Amino acid sequence: MRSLAYPCAAFAALCVAAPATAATSVELEVGATETLSAPGTIRQVIVDIPGIVGATLQGARRIELRGVKPGRATVTLVSDGGRTDYAVEVVEAGSIQAAELARRLAEQPGAEALRVDHRAGAFVLSGALPDLATHDRILSLANALTGDKVTDLTRVAGNQMVAVDVRFVAVSDTTLKSLGFNFAKLSGGFQSALVGPSTVNTFNFDSTGLKVDASPPLQNAFNLFLASRGKGLLGVLSALSETGLSQVLAQPTLLARSGEQAEFLAGGEVPIPVPQGGGNGSGAITIEYRQYGVRLSVEPYVLSNRRIALKLAPEVSELDYANRIAIQGFSIPAFRRRSANTTVELGDGESFVIAGLSYANSTNNVSKVPMFGDIPILGSLFRRTEQGREKLELIIVATPRLVNPLTEAEVAAMMPGTPPAPNLAESVLHPGVAEKRAASFGLSR
């Protein structure tokens, strides 16, 4: 310890018994000076760490401090009026001081309660900030003013829980078109019949002639019958066209804290055999389970009480047995995946829609009578054509909401009692009563 002292026997007892006070913070640049005043005549000056700060008396009650090199030191003044401690922080020349940084940051909206300290060559930010947007703005400004010498100990005091209502809707644009033709001539000297595949029930040939019992070319189709009673001719034309509909796959509600991730999966797992090669594991088979289905990953960031940034990563995967491979007798399916990754910014309770995750497949099946089906023009009478197109598009609707936990009193007020179960008449006449009863418990929206 380095001590600058004046001999004073008369004040020896006073110097020993002087009461200590809280240290006052002082910041100095290297080479800069600052003058301090004591409440009485200075009797002793104590600097705990030599070489960081220099002290020079400027009179009976004043002392000048000069920054020597960066660091922290405590300067103690012992005077007739008591003992005063100063925590001196010496920084590089040209660096902003903590008091100036605190003043500049306090000018920003929402940073009134921010505290700034300078420790070990870094500026320490502490206190509460109202939202994430204010935090990012304050941190960027502090790094710009200090040259990235900032230690961030602040916390965001606003509501940080987000509930994301997600709805998965599959819109199917599936079209099936089929055309079939049956023809029969079962009278006269020569009898004939042309019957589509899988439509003959029974047939018989005896002295009375040929008898054929056949169903329409296409089941559950529209049929057109053409007949001539005098000539014994019968023709049946079947035509069918079908279109698919849309359906809601899932309606989960994901609850996540700001900056953390929540996931949802509607699908399953398939076992995949994995051969182990080399060493003692040669020839061994282990099983790994791979997930597939509709997966959604959300990561919300609360920017303010009215704005939410949401990172969204939807994925649709399915098994593809058409591209499967065989390993040691195991048939391993491939996976077809459609995924996206996006970030949106919404207000509390606003919704957004993501589409474009689609799958398309087309088929064209032609069944024909050998040789006759290849005849130009007339060959269409000897063919059965079926065309199919499948297009499935996944649409995701998400609505983020800021939520707060409920107290026990609030829960009791919302659920004063169990609602009565609907009777048989209500269930028949009002089918939605059961859904409303479940919604009262939060089981559906």
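Atom set for the values below is all heavy atoms of this structure, side chains included, hydrogens, waters and symmetry mates excluded. Remember, it's a predicted structure, so these values are computed and weren't measured experimentally.
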Selection residues 251-271 - residue pairs positive for salt bridge (Lys or Arg N to Asp or Glu O under 4.0 Å), sequence neighbours left out |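 Found Glu263-Arg295.
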State the [atom1]-[atom2] distance between [X] and [Y], to the nearest 0.5 angstrom.
{"X": "Ile308", "Y": "Leu346", "atom1": "CD1", "atom2": "CG", "answer": "7.5 Å"}
{"X": "Leu77", "Y": "Gln44", "atom1": "CG", "atom2": "CD", "answer": "10.0 Å"}
{"X": "Ile138", "Y": "Asn143", "atom1": "CD1", "atom2": "CG", "answer": "11.5 Å"}
{"X": "Ile272", "Y": "Ile332", "atom1": "CD1", "atom2": "CD1", "answer": "6.0 Å"}
{"X": "Glu34", "Y": "Ile63", "atom1": "CD", "atom2": "CD1", "answer": "12.0 Å"}

Check whether any side-chain heavy atom of [X] lies under 4.5 Å from a side-chain heavy atom of [Y], and answer yes or no.
{"X": "Leu65", "Y": "Thr33", "answer": "no"}
{"X": "Lys69", "Y": "Ile52", "answer": "yes"}
{"X": "Glu345", "Y": "Glu350", "answer": "no"}
{"X": "Leu265", "Y": "Val294", "answer": "no"}
{"X": "Val270", "Y": "Tyr289", "answer": "no"}
{"X": "Ile287", "Y": "Pro273", "answer": "yes"}

Identify, with sequence neighbours excluded, every residue that meets side-chain hydrogen bond (donor to acceptor under 3.5 Å, both in side chains) alongside [X].
{"X": "Arg66", "result": "none"}
{"X": "Asn323", "result": "Asp320"}
{"X": "Ser140", "result": "none"}

For [X] against [Y], the heavy-atom pair lying closest together:
{"X": "Asp348", "Y": "Pro400", "answer": "OD1-O, 3.9 Å"}
{"X": "Ile49", "Y": "Arg72", "answer": "CD1-O, 3.4 Å"}
{"X": "Gly349", "Y": "Arg401", "answer": "CA-CG, 4.1 Å"}
{"X": "Gly54", "Y": "Val68", "answer": "N-CG2, 3.8 Å"}
{"X": "Phe335", "Y": "Gln291", "answer": "CE2-O, 4.4 Å"}
{"X": "Leu254", "Y": "Ala262", "answer": "CB-CB, 4.2 Å"}

So, using side chain to side chain contact (heavy atoms under 4.5 Å, CB included) as the criterion, who are the partners of [X] when residues are at least two apart?
{"X": "Thr35", "result": "Arg62, Glu64"}
{"X": "Arg115", "result": "Ser126"}
{"X": "Leu141", "result": "Leu105, Gln108, Leu145"}
{"X": "Ser317", "result": "Tyr292, Glu315, Arg337"}

Checklist entry - Thr342 side chain to Leu312 main-chain N or O, any donor-acceptor pair under 3.5 Å? => result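 Looks like no, no N/O pair under 3.5 Å.
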Check your understanding: Quick check: does any side chain N or O of Thr74 sit under 3.5 Å from a backbone N or O of Asp48, one acting as donor and the other as acceptor?
Key ->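 No, because the side chain of Thr74 does not come within donor-acceptor range (under 3.5 Å) of the backbone of Asp48.
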Looking only at side-chain N and O atoms, does Glu299 offer a donor or acceptor that is under 3.5 Å from a partner on Tyr301?
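Yes - a donor-acceptor pair under 3.5 Å links their side chains.
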Checklist line | Check ion pair Asp85-Arg83 (N to O, under 4.0 angstrom) | finding: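 Salt bridge between Asp85 and Arg83, a charged N being under 4.0 Å from a carboxylate O: yes.
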- Query: Stepwise, does the side chain to side chain contact (heavy atoms under 4.5 Å, CB included) test hold for Arg61 with Ser79?
  - Reply: CA-CA 8 Å; Arg61 295 189 175 188; Ser79 64; over 6 Å; no
